[in-house]
Amino acid sequence: FIHKIVENENIQDTLITKITGNYSRNGGGIYQLNSNYGFDGIVVNNNTAEENGGAIFVQNTTSQFNNLILKNNTANKGGAIYVSDSDLNIYHLTGYMNFANIASNIYTENSPNINIVNSIFWEESDSDYFIDNSNFIIKNSIISSLFEGENNIYLLPEFSDLQNFSLSRVSKALGNGINDSNIPLKDIYGNNRIQSINDNEIQNPDIGGVENELGEINFINWYVSHNGNDNNSGILEEDSPLLSINLAIEKSLNGDRIYI
């Protein structure tokens, strides 16, 4: 277990618990049995379970997990999470590149209710979920493979970095979460959870463990001119063009436009 003070720009200083580099039979990072304790604000990465639950193993539990980052965990079943005989809500989880022979994301069996909301599961695997005798719902989430659920998005999450999993200004995760009574008030780094207002003036959170301060997608129009200067901002609306088109391409993100 590692406790780390986060001191990054645009992220409030806070204490983060990291569980990393462990090996076990079940539950490489967290093993929870016959307990109703919930988790909030934990990073679980690079753990291995020989059998079930590379990051988290849960059995006979009724609880809610919030604001988790699960990265590069491996197991035979349930690379990110293995759930059995449980009633579990998961809000604002970011899962990235977890792997299992069966169900790289979630393996669940004999569980009356598993609800995944406002979360990201992005993997490179042919086996993402395995649902056996369980009521499983995933909604308002970004996932890497087609799976039945409401308002899910099947596009790259567009992280600005893969260390803290902050969202870029063009991520479809911005403002596309659902606002209900179960969402946590803060994100994993202690920032206010809701910073978005959609066209209907209804406040909605971002998807995933980290909230972006922008609250909505922000595309930029870049401006390049032979009279420009690469020390300028390059933003069209500021009439401050760049000289190099290569620099404009380097600065742009998916969905931006470059005017020459």
Side-chain angles (χ1 to χ4, degrees), residues 27 29-30 32 36-44 52-59 61-71 73 75 77-100 102-123 125 127-157 159 165 167 171-184 187-188 193 204-211:
I30 296 172
Q32 182 169 0
N36 294 332
Y37 182 79
F39 297 107
D40 195 326
I42 301 177
V43 177
V44 187
N52 305 318
I56 300 174
F57 176 98
V58 175
Q59 187 173 18
T61 289
T62 299
S63 61
Q64 178 167 323
F65 297 167
N66 300 322
N67 297 327
L68 304 180
I69 294 176
L70 312 181
K71 176 185 176 183
N73 300 282
K77 297 179 181 178
I81 303 173
Y82 175 93
V83 185
S84 176
D85 303 291
S86 295
D87 194 327
L88 184 65
N89 289 328
I90 298 176
Y91 276 73
H92 294 284
L93 178 150
T94 296
Y96 185 78
M97 295 305 167
N98 299 287
F99 176 79
I102 304 174
S104 291
N105 290 327
I106 299 177
Y107 186 109
T108 177
E109 58 183 355
N110 304 322
S111 295
N113 289 293
I114 305 296
N115 298 308
I116 315 294
V117 183
N118 298 346
S119 295
I120 298 172
F121 282 103
W122 203 262
E123 326 295 342
S125 171
S127 175
D128 290 339
Y129 308 93
F130 185 88
I131 315 301
D132 180 22
N133 192 32
S134 299
N135 182 27
F136 179 87
I137 296 173
I138 183 167
K139 63 181 181 180
N140 292 86
S141 296
I142 293 180
I143 52 181
S144 55
S145 60
L146 293 175
F147 193 89
E148 183 178 355
E150 296 179 7
N151 302 317
N152 291 320
I153 298 171
Y154 307 98
L155 297 172
L156 283 169
F159 299 114
F165 288 93
L167 300 169
S171 173
K172 284 291 187 179
L174 271 61
N176 274 319
I178 188 173
N179 185 356
D180 66 26
S181 60
N182 290 321
I183 68 167
D187 74 356
I188 190 170
R193 175 46 73 180
N204 291 318
D206 295 343
I207 295 172
V210 183
E211 193 83 5

To the closest 0.5 Å, what do you measure between [atom1] ([X]) and [atom2] ([Y])?
X: N135; Y: N113; atom1: CG; atom2: CG; value: 5.0 Å
X: D87; Y: S134; atom1: CG; atom2: OG; value: 11.0 Å
X: N176; Y: N151; atom1: CG; atom2: CG; value: 8.5 Å
X: L88; Y: Q32; atom1: CG; atom2: CD; value: 8.0 Å
X: I81; Y: N52; atom1: CD1; atom2: CG; value: 13.0 Å
X: L156; Y: K172; atom1: CG; atom2: NZ; value: 12.5 Å

For a 4.5 angstrom cut-off between non-hydrogen side-chain atoms, does [X] reach [Y]?
X: Y96; Y: I120; value: no
X: L68; Y: I56; value: yes
X: Y91; Y: R193; value: no
X: V117; Y: N182; value: no
X: V210; Y: T94; value: no
X: F121; Y: L93; value: yes
X: P157; Y: F165; value: no
X: Y129; Y: T108; value: no

- Task: Evaluate the criterion side chain to side chain contact (heavy atoms under 4.5 Å, CB included) for residue pair N105 and F147; output intermediate values, then yes/no.
- Result: CA-CA 12 Å; N105 290 327; F147 193 89; over 6 Å; no

Considering all heavy atoms of both residues, which atom of [X] and which atom of [Y] are nearest to each other, and what is their separation?
X: I183; Y: P205; value: CD1-CG, 4.3 Å
X: G54; Y: A75; value: N-CB, 3.4 Å
X: S84; Y: S111; value: C-OG, 3.6 Å
X: F39; Y: F65; value: CD1-CE2, 3.1 Å
X: I207; Y: S119; value: CG2-O, 3.3 Å

- Could you give me the CA-CA distance, side-chain angles and deciding distance for I178 and N118, then say whether side chain to side chain contact (heavy atoms under 4.5 Å, CB included) is met? CA-CA 7 Å; I178 188 173; N118 298 346; 3.4 Å; yes

When you check the side-chain N and O atoms of [X] and [Y], is any donor under 3.5 Å from an acceptor?
X: N66; Y: H92; answer: no
X: N67; Y: D187; answer: no
X: E109; Y: Y82; answer: yes

Please indicate whether K71 has more than 12 foreign heavy atoms, meaning atoms of other residues, nucleotides or ligands, lying under 6.0 Å from its NZ.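 Atom NZ in K71 is packed in, count exceeds 12.
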
Main chain of [Y], side chain of [X]: is a donor-acceptor contact present, judged purely on distance under 3.5 Å?
X: Y107; Y: D132; result: no
X: T61; Y: S63; result: no
X: S144; Y: E123; result: yes
X: D206; Y: G175; result: yes

Run through I138, I143, N152 and flag the one making a side chain to side chain contact (heavy atoms under 4.5 Å, CB included) with I116.
->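 That would be I138.
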
Check the pair V43, I188 against side chain to side chain contact (heavy atoms under 4.5 Å, CB included), reporting the backbone distance first and the verdict last. CA-CA 9 Å; V43 177; I188 190 170; 4.0 Å; yes

> Checking side chain to side chain contact (heavy atoms under 4.5 Å, CB included) for the pair I106/F136: CA distance, chi angles, key distance, verdict?
Replying inline: CA-CA 10 Å; I106 299 177; F136 179 87; 4.0 Å; yes

Checklist entry - Does the pair N179 and N204 meet the rule for a side-chain hydrogen bond (donor to acceptor under 3.5 Å, both in side chains), with working shown? => result CA-CA 5 Å; N179 185 356; N204 291 318; 5.2 Å; no

